[in-house]
Amino acid sequence: TEFFEEFEKNVLYDVMLVDKDGKFILHSNKNHGILSNTFDTFLFKDAFDKENTSLALKSDEYSSNTFYSKRLKQLKNSQNLRLVLGLKYHELASSKEKDRDLTYLIFILLVLLLLPLIIYFSKAPDNLKNKLKTQMITDNLTNLSNKEGLLYEYKNNKSLDKIVVVVQIDNFLKVANAYGYKVANQLLKSITRFLEEYQYRNRFLELYKLDRDSFAFIYSFENRNILKKDLERLYKDVENEEYVIRNNFKILVECTVSSSSIEPSTNISRKLEEAEVALETAHHKKNDIYIYNKNDRRVELNKDNIRLATKVKKAIENDDVLVYFQPIYNNKTKVIEKYETLVRLKYED
């Protein structure tokens, strides 16, 4: 704005910018343009005659008796900005041809003036997008890639020999409740450092942070016996390690280790689901280590429980709970002394 104000003192033109809708972005009159209250009401056609401005908005370059306009093709944005030079003195309109060199000079100066801004703002969306993407796939506490990061990195990766191994810290909540979440978070950082040293040792590859208290390895599978030995070693190493917190305070952890199935598959997201189901099964069966078994009914049981809970909820909402009383008769006193209450659910038929 300062540039144009200074420039207009030395030329015979009012220098303006107009967008594709005919709105003044910049106007020689401070009461008009993007910084004024009349941005949406005072248009190109209001400043000059309607017919010429309509033709100008459709043309890359256009001149009339009162103004000259040129579309700024170098500006790669959706506004389709055009430079408008309005003659301060109408009687000098015939000098358009003579002053065209000056017009091009103004155009070059304008491009040079705006070029740094154009470059900056053209990169800004990509920089912001990359920053948001990094935040979305990164765990804030450990700086490890999270579950979204795992799924993103293996989205198009065809890995027949890769499976997923999950390590859950079972006593994380106990530590948090006993010492507070600051200590618990420091514990997670200490465990992260330990597991990071475990990477690329004994077929354990990339490390990821899943939920609040669980981690995942991408594991290079060879055979079931080697996998079983590696899981047992991982389990013992995690539980035998003394994790140092501040002031040399040491904590031992309890963990459960699970693995996806050993069946070849290119779908890592499916392998992650299997490992998490195996983790739930391990807790249910009170196992320290569990490898996913497709014959295990854990998933079906969960589905049955969800379906049953839905039926019960709907029955209560619809008043489909039927209560029956079964009398208990005393043969000696010949009276009904009490009742057993039975509840049934009316479902469909």
Side-chain angles (χ1 to χ4, degrees), residues 120-159 161-177 179-221 230-231 234-235 237-239 241 243-246 249 251 253-260 265-280 283 292:
Y120 174 79
F121 284 110
S122 66
K123 291 182 178 180
D126 288 336
N127 293 337
L128 180 60
K129 181 180 178 182
N130 292 334
K131 184 177 180 181
L132 291 174
K133 177 183 171 184
T134 300
Q135 290 176 346
M136 185 180 74
I137 64 175
T138 305
D139 178 70
N140 292 332
L141 180 66
T142 62
N143 288 325
L144 293 174
S145 289
N146 57 20
K147 183 186 290 188
E148 292 296 328
L150 188 158
L151 297 176
Y152 177 80
E153 289 173 30
Y154 278 87
K155 182 178 181 180
N156 298 315
N157 193 325
K158 306 299 182 183
S159 305
D161 61 338
K162 299 291 193 304
I163 64 173
V164 177
V165 172
V166 172
V167 180
Q168 184 175 57
I169 309 305
D170 296 331
N171 61 336
F172 174 79
L173 273 180
K174 292 180 181 177
V175 172
N177 291 337
Y179 301 107
Y181 273 95
K182 284 188 177 180
V183 171
N185 287 339
Q186 288 177 353
L187 172 62
L188 286 178
K189 290 181 179 179
S190 184
I191 294 171
T192 299
R193 289 191 292 270
F194 173 79
L195 293 177
E196 283 178 327
E197 294 177 0
Y198 224 87
Q199 284 187 88
Y200 307 107
R201 187 204 313 175
N202 299 327
R203 293 156 292 278
F204 290 99
L205 305 179
E206 294 92 349
L207 176 65
Y208 298 87
K209 178 74 164 54
L210 298 184
D211 302 318
R212 175 186 57 192
D213 52 7
S214 59
F215 299 81
F217 277 110
I218 299 296
Y219 178 86
S220 181
F221 177 75
D230 283 346
L231 295 183
L234 175 64
Y235 168 77
D237 289 344
V238 171
E239 288 218 340
E241 178 72 12
Y243 298 97
V244 179
I245 314 299
R246 60 185 177 184
F249 178 55
I251 295 179
V253 301
E254 301 164 5
C255 72
T256 301
V257 177
S258 67
S259 163
S260 58
S265 172
T266 61
N267 193 334
I268 288 294
S269 63
R270 174 58 186 162
K271 290 294 183 184
L272 179 59
E273 290 174 10
E274 291 177 352
E276 290 179 327
V277 170
L279 183 67
E280 184 182 355
H283 287 309
Y292 178 84

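Between Phe194 and Asp237 the shortest heavy-atom distance is CZ-O, 3.7 Å. Of all heavy-atom pairs spanning Lys147 and Leu272, the tightest one is CG-CD2, 3.6 Å. Between Thr142 and Lys209 the shortest heavy-atom distance is OG1-CB, 3.9 Å. Nearest heavy-atom pair, Tyr235 versus Cys255, reported as atom, atom and distance to 0.1 Å: CE1-O, 3.3 Å. Residue Tyr292 comes nearest to Ser260 through the heavy atom pair CB-C, 3.7 Å, listed as atom of the first residue, atom of the second, then distance. Summarising the geometry of Met136 relative to Glu148, their closest heavy-atom pair is O-CB, 4.0 Å, with the distance given to 0.1 Å.
If you take CD on Glu239 and CG on Asn171, they are separated by 8.5 Å, rounding to the nearest 0.5 Å. To the nearest 0.5 Å, atom OH of residue Tyr179 and atom CZ of residue Phe249 are 4.0 Å apart. Note that CG of Leu279 is 7.0 Å distant from OG of Ser214, once rounded to the nearest 0.5 Å. Between the CD1 atom of Ile169 and the NZ atom of Lys174 there is a distance of 13.0 Å, given to the nearest 0.5 Å. The CD1 atom of Ile268 sits 10.0 Å away from atom CD of Glu274, with the distance rounded to the nearest 0.5 Å.
With a 4.5 Å cut-off on side-chain heavy atoms, Leu195 and Val238 count as touching. Within the 4.5 Å cutoff, the side chain of Ile218 has no heavy atoms near those of the Lys271 side chain. Side-chain contact between Arg270 and Glu273: present, with at least one pair of heavy atoms (C-beta onward) separated by less than 4.5 Å. Using a 4.5 Å heavy-atom threshold, the side chains of Val164 and Tyr208 count as separate. Counting heavy atoms from C-beta on, the side chains of Ile137 and Asn146 come closer than 4.5 Å. Here the side chains of Lys162 and Leu205 are in contact, with some heavy-atom distance below 4.5 Å. Contact annotation: the side chain of Phe221 never approaches that of Asp230 to less than 4.5 Å [non-hydrogen atoms, C-beta and beyond].
Salt-bridge check for Arg193 with Glu196: failed, with every basic side-chain N at 4.0 Å or more from each acidic carboxylate O.
A 6.0 Å sphere centred on OH of Tyr152 holds no more than 12 heavy atoms belonging to other residues, nucleotides or ligands.
Under a 3.5 Å cut-off, the side chain of Asp211 and the backbone N or O of Asp213 do not form any donor-acceptor pair. At least one donor-acceptor pair under 3.5 Å links the side chain of Ser258 to the backbone N or O of Ala275. In this structure, the side chain of Thr192 engages the main chain of Leu188 through a donor-acceptor pair within 3.5 Å.
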Discussion item. As a quick check of understanding, evaluate side chain to side chain donor-acceptor pair (under 3.5 Å) for Glu206 and Tyr154, giving each step before the final call.
Written reply: CA-CA 11 Å; Glu206 294 92 349; Tyr154 278 87; 2.9 Å; yes
Practice prompt. Show your working on side chain to side chain contact (heavy atoms under 4.5 Å, CB included) between Asp170 and His283 and close with a plain yes or no.
Written response: CA-CA 10 Å; Asp170 296 331; His283 287 309; 3.2 Å; yes
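With Phe215 as reference, Leu144 is the one residue of Leu144, Leu210, Asp139 to meet the side-chain contact (heavy atoms from CB on, under 4.5 Å) rule. Exactly one residue among Asn185, Leu187, Ile245 makes a side-chain contact (heavy atoms from CB on, under 4.5 Å) with Val175. That residue is Leu187.
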